[in-house]
Amino acid sequence: MGVETRSWEEVRRHFPITEEAVYLDAAAVGPMPDFLRDSHLRAFEERLGRRAPGEFLESRERARGALARYMAVAPDDIVYLGNTTDAINTVAGSIAWKPGDEVVVHDQDFPSNLIPWIRLRERGVVVRAAQSEHGRLSIEAVERELSERTRLVALSHVFYHSGFRMDLAELGRRLHQRNIYLSVDGIQALGLARPDLEHVDFYMGAIYKGLCGPFGLSILYVDPRAADTLVPEHVGYASLDSDGIPWEGSMPYRTGSQRFQAASVNYPALHALADMMEFLEALTFERVTERILDLSGAAMDGLGRVAGVDIVTPPDRDRRLGIAAFRVGDLPSDVVAAELAGQGIRVAARAGNVRASFHIYNNDEDVARLVGAVADLARGRMA
Ligand SMILES: Cc1ncc(COP(=O)(O)O)c(C=O)c1O
């Protein structure tokens, strides 16, 4: 792709949004870097017929390879779907539930990671909600909801409202000792930090947040040990091991995770995904994570010193990522977000919190602008 990146300022220059706003809302939608214009143009030209159609497939494998290195899994364990919600439904719909089976969710999770699980009560599944406190969920709170009948725990890697990051390695280790699946909605971490999937069975996320890509494409990782025990809810020409139509006998599902790849996906978006993954990889995934943690940490430090501001996100670097969530006294979060937007600072209001979310295109000046504007608001509030 030819994108050379040496310093964070050079990285920043690839993101045109930085010239217009202090953009602190990648947790909602990640803004595209300029080089994705080429990725999209290339996709368009291919559809005009000027390029070989096979190039989509080349990008599909290029992206899969980079994702596999990012997640430390085999490329074949990853399939492409439409969005995060599709992927959650794919998992929920493909397990052979028995009446009385139990699923544990997180009471404050994003609706897409609750509704597909709650719906399983139509199949006799009992859904229990682990209770979070102040936007944080302890492993013990999850364990309190487990029983002999629990088959799966579903939660988000990073909580969209508080920025809390779950310890997937430890939770997964404890769940696997009890033969319980762990399904993780990773959309709030994808592209920002490499997940530890050793004890995670399902991990999914769309590419329009941390991967700054277009809508309409998501990834689903399925642990191959789990995959072979599942019957895919959606099937098509790509899910079977034989080219023929299985008029008789059992269904020849592909072995492993590829049985969940039923058909075509948003191929044009694969160019963007492959290009973005390689861009992040060239920076090294670890440096990307450290940079994001430094920025969100600096914001939390600065905001924490402002009288009247309460920080919601935990300070520990292992328990947070790009989000710095806070409250300004009893000011409604949407009022704070609107005030900041008026000054060109784009944050979100979520579940009563103001959510500033950082990415590699942000810098110390963005942090200072946020802290300064919030300090002015808080002062005005107290005056
Ligand atoms: C934690 C979480 N899960 C799922 C979604 C929805 O993702 P999608 O539109 O890809 O289904 C969001 C969107 O904000 C989210 O924050």
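Counting convention: from 1, in listed order, for ligands and their atoms alike. In this chain, residues are counted from 1 in sequence order.
- T229 and Y181 share a donor-acceptor pair across their side chains, judged by distance under 3.5 Å alone.
- In terms of protein heavy-atom proximity, atom 6 (C) of ligand 1 is nearest to F110 CE2, 3.6 Å.
- Outside the 6.0 Å centre-distance limit, the rings of Y203 and Y221 are not counted as a close aromatic pair.
- Residue S156 has no nitrogen or oxygen atom sitting less than 3.5 Å from a nitrogen or oxygen atom of ligand 1, judged on distance alone.
- Using a 3.5 Å distance cut-off with no hydrogens or angles, the side chains of H106 and S156 do not pair a donor with an acceptor.
- Of the polar atoms of D185, at least one N or O is found under 3.5 Å from an N or O of ligand 1, judged by distance alone.
- Put simply, no part of N113 is less than 4.0 Å from ligand 1, judged by heavy atoms.
- Summary of contacts: the protein heavy atom closest to atom 13 (C) of ligand 1 is K209 NZ, 3.1 Å.
- Note: no N/O pair closer than 3.5 Å links D109 and ligand 1 by distance alone.
- When the heavy-atom distances from atom 8 (P) of ligand 1 to F159, F215, Y160, Y208 are ranked, the shortest goes to Y208.
- Remark: the D241 side chain and the T255 side chain contain no N/O donor-acceptor pair separated by less than 3.5 Å.
- The protein atom (non-hydrogen) at minimum distance from atom 11 (O) of ligand 1 is T85 OG1, 2.5 Å.
- For F44, the CZ atom is loosely surrounded, since the number of other residues' heavy atoms within 6.0 Å does not exceed 12.
- At a cut-off of 3.5 Å, with distance as the only test, a side-chain donor of S147 or E102 sits close to an acceptor on the other residue.
- D201 and H176 share a side-chain donor-acceptor pair at under 3.5 Å.
- Neither side chain, H359 nor Y23, offers a donor N or O lying under 3.5 Å from an acceptor on the other.
- In terms of polar-atom proximity, S112 is not counted as a contact of ligand 1, lacking any N or O under 3.5 Å from an N or O of the ligand.
- Residue contacts with ligand 1, taken as heavy atom pairs separated by less than 4.0 Å, involve N83 via backbone and side-chain atoms alike.
- For atom 16 (O) of ligand 1, the closest heavy atom belonging to the protein is Q188 NE2, 3.0 Å.
- Defined by atom type and a distance below 3.5 Å, a donor-acceptor pair is present between the side-chain atoms of R320 and S296.
- Annotation for ligand 1: atoms under 4.0 Å from non-hydrogen atoms of A206 are 10 (O).
- What sits closest to atom 10 (O) of ligand 1 on the protein, heavy atoms only, is T84 OG1, 2.7 Å.
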